[in-house]
Amino acid sequence: MRHGLILSAVLHVSAVLLAVLGVLPGPKPLEMPVQAIPIEVVDIGEITNTRIDEKPPEPKPPAPRPAAAAPPPPPAAAAPPPPPPPPQQRAPDPPKLAEAPPPPRPPEPPKAPEPEPVPVKAPEPPKAPEPERKPEPPKPPPEPKKEQVAQKPPEQKQPEQKPPEKKPEPKPEPKKEPPKKDPQPDFNQLLKDLTKKEPQKPAPPQPQKQTEVAEASRTPESSAPRLSDRLTMSEQDALIAQIAQCWFIDPGKPGISDISVEIRVQIGRDRTVQRADVVDKARFASDRVFRSVAESAMRALHKEECKQLNLPQEKFDTWRDAVLTFNPRDVM
Amino acid sequence: MRLKLLGLAAAVALLAACSSDQDAAGTGSVTGATSATAPTTNAGAVRPGTRQDFEVNVGDRVFFGFDQYDLSPEARSTLDRQAQWLNQYRAVTIQVEGHADERGTREYNLALGERRANAVKNYLVARGVDPNRVGVISYGKERPAVLGSNEAAWAQNRRGVTVVQ
Amino acid sequence: MTMSAFMTRCDRLARLAVLALAVLVAGAAAARAELRVDITRGTVQPMPIAITDLLGQGQSEGQIGRDISAVVSADLERSGLFKPIDKRAFIQDLVSLQQQPRFADWQVLRAQALVSGTVEPQPDGLVRVAFRLWDVAAQQHLTGFAYRIEPKAWRRVAHKIADQIYERITGEKGYFDSRVVYIAESGPANQRVKRLAVMDQDGENNQFLTDGRSLVLTPRYSPTTEEITYLSFFNNRPRVYLFNLETGRQEVLGDFPGMTFAPRFSPDGNRVLMSMAANGNTEIYAMDLRTRRTQQLTNHPAIDTAPSFSDDGSRIVFESDRGGTQQLYVMGADGSDVKRITFGQGRYANPVWSPRGDLIAFTRLYQGRFYIGVIRPDGTGERLITEAYHVEGPTWAPNGRVLMYFKETPSSDGRSRRARLYSIDLTGQNEREVVTPMDASDPAWSPLIP
C-alpha cells in the first residue's frame with residue numbers, strides 16, 4: 001500500500017514536471033535519480049568481523065569449494081577451491097573475491113575504485129563520482145552470449161518419450177511440410193503446455209517396472225546367498241524415493257535434463273551421511289549450472305527427511321561407500 | 001498551469017484518481033484521432049466540397065473481411081462515389097486511414113491496415129484521382145471506430161477511412 | 001559372511017568348488033565396490049530461504065536495511081524459485097548473526113539458505129551495504145558483497161543483492177536489476193492515450209518519457225540500456241524513433257517513404273531492424289546506426305515483420321504470412337536462407353529470441369484466443385504457456401528465464417478493457433501481474449543494468 005502511494009506520488013510529481021517543463025517532442029530531461037548513483041562494490045573482506053571457524057580464512061572466492069562435505073567432517077570444505085567461475089560475468093564481480101570472511105582483509109582500498117557503472121539513463125548530470133563512463137557500455141551484450149553457449153547444447157537431445165508431441169495441436173495445417181521435427185522428447189511434463197490436455201504421467205510406469213523386475217529376480221534363482229551382498233532393486237527404490245523427495249529441482253534450468261551429478265558419499269552405520277563429495281570437481285568449479293545442481297543434491301542429503309537413509313542395516317558393507325548420481329531426467 | 005498543478009497535487013492524495021489525472025496531465029489531444037466521429041445530422045448546413053459534405057453525402061469508409069484487404073462490391077461502389085467527388089473538388093487532398101479489428105497482433109495489424117489503405121488509394125487513383133492528393137496511414141488496431149468484442153464491432157473496425165484534409 | 005566361511009563351504013561342496021569360487025570372487029569384489037544409485041527424480045519446490053533485515057547502525061541505516069531486505073525478499077519470491085521464510089519465525093538475533101550464524105537455529109526453520117548483512121554509515125555521507133549468503137545445511141559461506149552507495153540508491157542495491165543470491169544459488173544470472181519500458185495507456189478505447197513509460201522490473205520507479213500527444217507503440221531497450229527505439233505517430237507520420245535516455249533526445253531513424261515500425265536492436269546495439277510498409281507491402285530492413293545505411297532483408301509480396309535477432313546476432317526470426325497465414329520463419333542476419341519453423345494451426349506472431357538462445361517466445365492466435373508460447377529455434381518443442389482472450393507481446397527477462405507480456409481483459413459490457421502486464425516462468429508456472437499505475441501494454445525488458 002505504501003509503495004503504491006509513493007509510486008503514485010512519484011508518478012504525479014513527474015507528471016507535474018512534465019507539464020511544467022512543457023516537455024514534448026523536444027528533449028526532455030528525465031529524472032532518474034536512483035540510476036545516477038554510482039554503486040561502488042567494495043571488498044567484502046572487511047564487511048564484517050565474522051569469523052567462520054569452520055573454514056580457514058581462505059581469501060579466495062567461496063564458490064569453488066566443491067560442495068562442502070557433510071557437516072560432520074568439515075575436511076571436505078577445506079578443499080582448495082579454484083576461483084569461482086560464475087562471478088566473472090558482470091562488472092562487479094571482481095570484488096567478489098574479497099568475500100572471504102577472513103578478517104585479515106585490510107581496509108577497503110582494494111577494489112574500491114570499481115567503477116560499477118550504473119550508467120543508466122540518468123538524465124541528471126550529477127554523475128560526478130565516477131569519471132569513467134566509457135567502460136560501461138561494452139559489458140551488456142557479451143554476457144548473454146556467454147551463458148547461452150553453455151546452455152544451448154543440452155536441450156536437443158533426450159531421446160525417449162513419445163515422439164510426435166505435436167499431436168495435441170491441431171494437426172498441422174494442410175501445408176505439406178509436416179514438421180518432421182525429430183521426436184523431440186520434449187522435456188518434461190513439468191513444463192506447462194496448454195496444447196496438450198491429456199495428462200500423461202510418465203513417472204509411475206518406470207518405477208513399477210523396476211520393482212517388478214527386482215522382485216522377479218530376487219525371489220527365484222537369485223535366492224543365492226551371495227546376492228545379499230547387494231541391495232535389491234526394491235531396496236534401491238526405497239532409497240531413491242527418499243532422496244527424490246528431498247531433492248529440489250528446477251525444471252526451467254537450462255540443460256537440466258542433461259546434467260548428471262555424481263556424489264560420492266560415505267555412510268555411517270547409523271545410516272547417516274558422514275561425508276559427501278562431488279566427483280567432478282573441475283566441472284563444479286567451472287560450470288555454474290552444474291554447480292547449482294550439485295549443490296541442490298548436496299542440500300538434499302542434508303535435509304531432515306534424508307538425514308538417515310532408507311537402507312537395510314544388515315547390508316552396511318554394501319552401502320557404506322556409495323556413488324549417488326543425480327539426474328532429473330525422469331522428472332522431465 | 002497552476003491550476004493543473006493544483007489538480008495534480010490533489011490527485012496525489014487520491015490514489016484512485018489516476019486515470020482522470022492522466023487526462024489532465026496528458027493533453028487530451030489524440031494524434032490522428034479518427035475523424036469519423038460526430039456525424040452531422042444537420043445536412044442542410046453542409047457546405048459542398050467540405051469534409052462534412054464528404055462524410056454525409058458521399059460516405060467516408062469501406063469495410064473489409066477478416067484478415068482481408070480486397071474490396072467488396074459495396075466498397076467499390078462507395079469508392080466510386082468518393083472518386084467522383086474528389087474529381088469534382090480537385091483542390092482537396094485526402095488521407096486514407098487503414099484500420100484493423102482487435103483480433104490480430106499489433107504489428108501485423110499495422111501492416112494489414114497499410115494494405116487496406118493502399119487498396120483504397122489504388123482504387124481511387126485508378127478512378128482518376130491524382131495519387132499526389134492521396135496519403136495513406138495505418139492505425140492498425142489502435143483506433144477502433146466501435147467498442148466491443150463481437151463480430152458486429154469487429155466488422156465496423158476493419159475499415160478504410162478517407163479523410164478530407 | 002567372511003572369506004574363510006565361504007572357503008569352508010566350498011570345501012564341503014567340492015563338486016561346485018570351481019563355480020562357487022567364481023561366485024565368491026565376484027561377490028567379494030561387489031561387496032568392496034561402491035553402491036551406485038541413480039536419482040532420476042526430484043521435487044519441484046521453491047527453496048526456503050531466510051532473508052534477515054540488514055542490520056543498520058542508526059535509525060536511518062536500520063530503515064534502509066529493512067527496506068533492502070524487503071525488496072530482496074520480494075524479488076526472490078516473485079521468481080518462483082525461492083520461498084522467503086516469515087521473519088517472525090527467526091530465532092537468532094541480528095547482532096549475533098553478524099558474528100556468526102547459529103546454523104541450528106536456521107535449520108529448525110528448514111531454511112536452506114540464509115542472508116545476513118549490515119548497513120553502516122560512512123564518513124563521506126555514503127552508506128556501506130554488505131550482505132552474506134550462507135548455505136545452512138552445509139554451514140558454509142557462499143558469497144558476499146559490499147556496496148558503497150548514497151542512501152537513496154538502496155533500492156538498486158537491493159536488486160543487485162537479489163541478483164547475486166539468485167546467481168549463486170541457481171547458477172543462472174539474475175534479472176532483478178533491470179528495467180522495463182512499456183506503453184502506459186489511458187482514456188477510452190477509441191481515443192487511447194499512449195505514452196512511453198519506464199519502470200524497474202518490479203514495477204517501482206515508474207516514469208513517463210512522452211506526454212501522450214503522439215501515439216507511441218512497441219518500444220525496445222537498447223543493449224546498453226541507454227536508448228529506446230519505438231514507433232511514434234508524431235505528426236501523423238508513423239516512423240521508428242530513437243529515444244536517448246540520457247539526453248531525452250528523440251530522432252527519427254532513417255528517411256523512408258512509408259511507415260516504419262516494429263523496431264528491434266541487434267544484440268551488439270549497432271543495428272536496428274524495422275519493417276517498412278509501402279504500397280501495400282511490408283518488408284524488413286536493417287539500419288546500421290553508425291553509418292545510417294539500410295539494407296533490405298526480405299523481399300516478398302507478403303507481410304514480413306516483427307523481427308528478432310538471435311542471441312548471437314547471427315540469425316533473425318520474424319513473422320510472415322507468405323504461406324497464407326502468419327507463421328514464424330528464421331533467416332540469416334543478412335536475409336539469406338529463410339526457413340519456416342512453425343506449422344501449427346492458427347497464426348503465430350511477434351517472435352522474440354531468448355537472450356539465453358534456447359527458445360523463441362511468440363504470440364499465437366487460434367480459434368479466437370491468444371496464447372503465449374515458446375518453441376526451440378529449430379521449430380521443435382512448442383509449448384503454449386498461457387492464454388486469454390487477448391495476451392500478446394512477450395519479452396524475455398535478461399537471463400532468458402522469465403517472460404513478461406500484456407493481457408487485455410474486456411469489461412463485461414465490452415465498452416472498455418483493462419490492460420495489464422504479467423510475468424511468467426518459462427516453465428509455464430508462476431504467472432503474476434506486474435503492478436503498474438495505469439493500464440499498460442507492449443512491455444520490453446532491458447538487459448541487466450550495467
Side-chain angles (χ1 to χ4, degrees), chain A residues 11 14 27-29 34 37 39-40 42 44 47-48 52 62 68 99 117 119-121 136-137 139-141 144 148 152 169-170 172-173 179 181 184 186 191-195 226 229 236 243-244 247-249 251-252 288-289 292 299 302 317 319 321-331, chain C residues 23 27 30-31 34-43 45 98 112 130 137-138 140-150 153 156 170-171 206-207 211 223-224 245-249 267-268 311-312 343-345 355-358 380-381 383-385 387 425-428 437 447 449-450:
Chain A
L11 286 181
S14 0
K28 73 201 62 191
V34 178
I37 297 163
I39 293 176
E40 185 178 341
V42 294
I44 192 152
I47 204 184
T48 64
I52 300 178
E99 77 186 62
V120 198
K121 46 291 268 10
E136 336 177 353
K139 296 150 190 203
Q148 297 160 281
K152 263 187 219 172
E169 301 179 20
E173 27 193 326
K181 337 195 151 184
Q184 44 201 87
D186 240 337
L191 303 184
K192 182 164 103 188
D193 181 0
L194 300 177
T195 49
R226 283 72 200 181
D229 288 338
Q236 282 197 30
I243 297 176
W247 186 28
F248 287 6
I249 59 170
R288 292 180 308 154
V289 174
S292 79
R299 279 193 289 271
H302 283 305
D317 283 341
W319 48 252
D321 291 304
V323 173
L324 305 179
T325 302
F326 289 79
N327 173 349
R329 75 181 118 88
D330 280 0
V331 186
Chain C
V23 171
E34 300 165 320
L35 166 66
R36 298 192 79 91
V37 176
D38 283 358
I39 314 298
T40 57
R41 285 175 284 139
T43 305
Q45 268 184 42
Q98 308 314 319
Q112 295 199 342
Q140 185 181 346
H141 181 243
L142 292 177
T143 193
F145 278 91
Y147 306 82
R148 255 150 156 323
I149 59 163
E150 287 186 52
R156 254 204 89 189
T170 69
N206 197 88
Q207 201 164 7
D211 65 359
T224 62
L245 288 167
E246 298 210 25
T247 64
R249 182 155 177 269
D268 63 8
D311 54 300
D312 63 1
F343 299 86
Q345 286 195 333
R356 206 159 91 172
D358 56 346
T380 65
R383 281 188 297 121
L384 299 181
I385 59 177
E387 62 99 22
D425 190 85
L426 63 74
T427 59
I449 298 172

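We name chains A, B, ... by the order of the sequence lines, and we start the count at 1 in each one.
- Looking at every heavy atom in both residues, C:Ile39 comes nearest to A:Trp247 through O-CZ3, 3.7 Å.
- Atom CD1 of A:Ile249 is separated from atom OG1 of C:Thr43 by 7.5 Å, given to the nearest 0.5 angstrom.
- Partners of A:Thr325 under the side-chain contact (heavy atoms from CB on, under 4.5 Å) rule, at least two apart in sequence or in another chain, are A:Ser260, A:Glu262, A:Val323, C:Asp38.
- Nearest approach of C:Ala137 to A:His302, heavy atoms of both residues: CB-CB, 3.2 Å.
- Considering CG of C:Leu426 and NZ of A:Lys192, their distance stands at 12.0 Å, rounded to 0.5 Å.
- Under the rule for a side-chain hydrogen bond (donor to acceptor under 3.5 Å, both in side chains), the partners of C:Asp425 that lie at least two apart in sequence or sit in another chain are C:Arg401, C:Thr427.
- The shortest heavy-atom contact between A:Ser292 and C:Thr170 is OG-O, 2.8 Å.
- Here CG of A:Asp193 is found 5.5 Å from CG of C:Leu384. Values are rounded to the nearest 0.5 Å.
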